[in-house]
Amino acid sequence: MIVVIKQNTEDKNLENLTDWFKSQGLGVHVSHGEYQTILGLIGDTHNVDIDLISGLDIVERVQRISEPYKNANRKFHDHDLVVDVSGARIGDGHFQVIAGPCSVESREQICGIAADVKKAGARLMRGGAFKPRTSPYSFQGLRDEGIELLLEAKRQTGMPIVTELMNVTHLPLFEEVDVIQIGARNMQNFELLKAVGELDKPVLLKRGLANTLEELLMSAEYIMAGGNEKVILCERGIRTFETSMRNTLDISAVPMLKRMTHLPVVIDPSHAAGMSWMVAPLSLAAAAVGADGLMIEVHNDPSHALCDGPQAILPEEFAEIMAKVEKILEVVGKRID
Ligand code: PEP
Ligand code: MN
């Protein structure tokens, strides 16, 4: 970290600041230029409050030269992380597809769709029991009953389940859930992140609607700092000035994240587009750009879906996408195993 000191700062004040940094366990390299004095802080600066330092009278500006995340940082990890979900591996060449409806609606619906997507090659299923809806008058999910039905579909198909946690108090219901999803709207719910950081369970962390990749990694850092290293990142489209799609899929986030972190990255083309016909091309793009997996919403009766019907694809469309994705995976040297 570099601290640029204002011109004409008195030596005494500069000394007070350097002494303070030293008392925090940091080394300080002082460089007196013709016009400026610059302090180079040496050591672990993670706990240094940039806003506090920037606000000091004698400080012109503060600049980080290393990233504020450590556990999630590629620099400190030689290998890509592989997250193993009951035998289904994600990351480092292992690709997985998570598929299922936006919301669990009934026993027949979730068990039927789970069997269909399994047949088409998905190894994990999804389904929301607790739903984050924009309107309080929209369907909020079957809640406890939804979790029960997911577990029943898991018993029938053997597929691990991915479902969203919105409130720490619901955690006891999630004991047999295989992957906890933290939704886009909760990406910066830090208490929730800390709570899942204490678990020994994979977490699928979705990027917020208006969050930078660094913010996404800082949220992953919250989970990992608590001891839970099993984090899967998910790009699901962000808000831009474009209104033609529900969101704009930030496809370049994948290669950029691959450079920044060793964590696996999954793409959700369903929420990104908001339109069923766009799920296929975006899925192929995701596989081609280097994603480690996909999360796709599949429904057996999209026009009657209680949530996100317009972006849901039918099981037969899903099977077609799987066949094409597998061809792209051959080219990029990944496999579903
Ligand atoms: C979902 O996966 O059903 C969901 C609500 O996603 P997001 O948090 O990305 O909107
Ligand atoms: Mn949805």
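Atoms within a ligand are numbered from 1 in the order they appear, just like the ligands themselves. All heavy atoms count here, side chains included; hydrogens, waters and symmetry mates do not.
- By the 4.5 Å heavy-atom criterion applied to side chains, R143 and H170 are counted as neighbours.
- D178 and K154 are joined by a salt bridge, as a carboxylate oxygen and a charged side-chain nitrogen come within less than 4.0 angstrom of each other.
- Remark: ligand 1 atoms within the under-4.0 Å shell around heavy atoms of E164 are 5 (C).
- From the protein, the heavy atom lying nearest to atom 9 (O) of ligand 1 is R236 NE, 2.6 Å.
- Residue contact annotation: R126 has a non-hydrogen atom under 4.0 Å from ligand 1.
- The protein atom (non-hydrogen) at minimum distance from atom 4 (C) of ligand 1 is H271 NE2, 3.5 Å.
- Taking the Mn ion (ligand 2) as reference, E297 places its N/O/S atom OE2 nearest.
- Here C102 meets the criterion, with an N, O or S atom under 2.8 Å of the Mn ion (ligand 2).
- Heavy atoms of S103 found under 4.0 angstrom from ligand 1: none, in either backbone or side chain.
- The distance criterion of under 3.5 Å between nitrogen or oxygen atoms is met by Q181 with respect to ligand 1.
- Inter-residue side-chain proximity for I313 and W277 is flagged as unmet; no heavy-atom pair is nearer than 4.5 Å.
- Using a cut-off of 4.0 Å between Lys/Arg side-chain N and Asp/Glu carboxylate O, R126 and E297 are scored as salt-bridged.
- The contact set between ligand 1 and G183, taken as ligand atoms under 4.0 Å from a residue heavy atom, comprises 8 (O).
- Under 4.0 Å is where a charged nitrogen must lie from a carboxylate oxygen, and between D292 and R89 no such pair does.
- The protein heavy-atom contact nearest to atom 8 (O) of ligand 1 is A184 N, 2.7 Å.
- Cluster membership for I238 and M278, using ILVMFWY side-chain heavy atoms within less than 4.5 angstrom, is not shared.
- For the Mn ion (ligand 2), the nearest N, O or S atom contributed by D308 is named OD2.
- Smallest separation of non-hydrogen atoms from C307 and C102: SG-SG, 3.3 Å.
- Each of the following atoms of ligand 1 lies closer than 4.0 Å to a heavy atom of P132: 5 (C).
- K6 has no carboxylate O lying under 4.0 Å from a charged side-chain N of E60, or vice versa, which leaves the two without a salt bridge.
- Below 4.0 Å from some heavy atom of E297 lie the following atoms of ligand 1, by number and element: 3 (O).
- Closest approach of L192 to M166, counting heavy atoms only: CD2-O, 3.9 Å.
- Considering backbone and side-chain atoms together, D308 places no N or O closer than 3.5 Å to any N or O of ligand 1.
- Ligand 1 does not have G128 within reach: every non-hydrogen atom of the residue lies 4.0 Å or more from it.
- Protein heavy atom closest to atom 6 (O) of ligand 1, with residue, atom name and distance, is K206 NZ, 2.9 Å.
- A salt bridge is absent between K230 and D84; no separation between the charged side-chain nitrogens and carboxylate oxygens falls under 4.0 Å.
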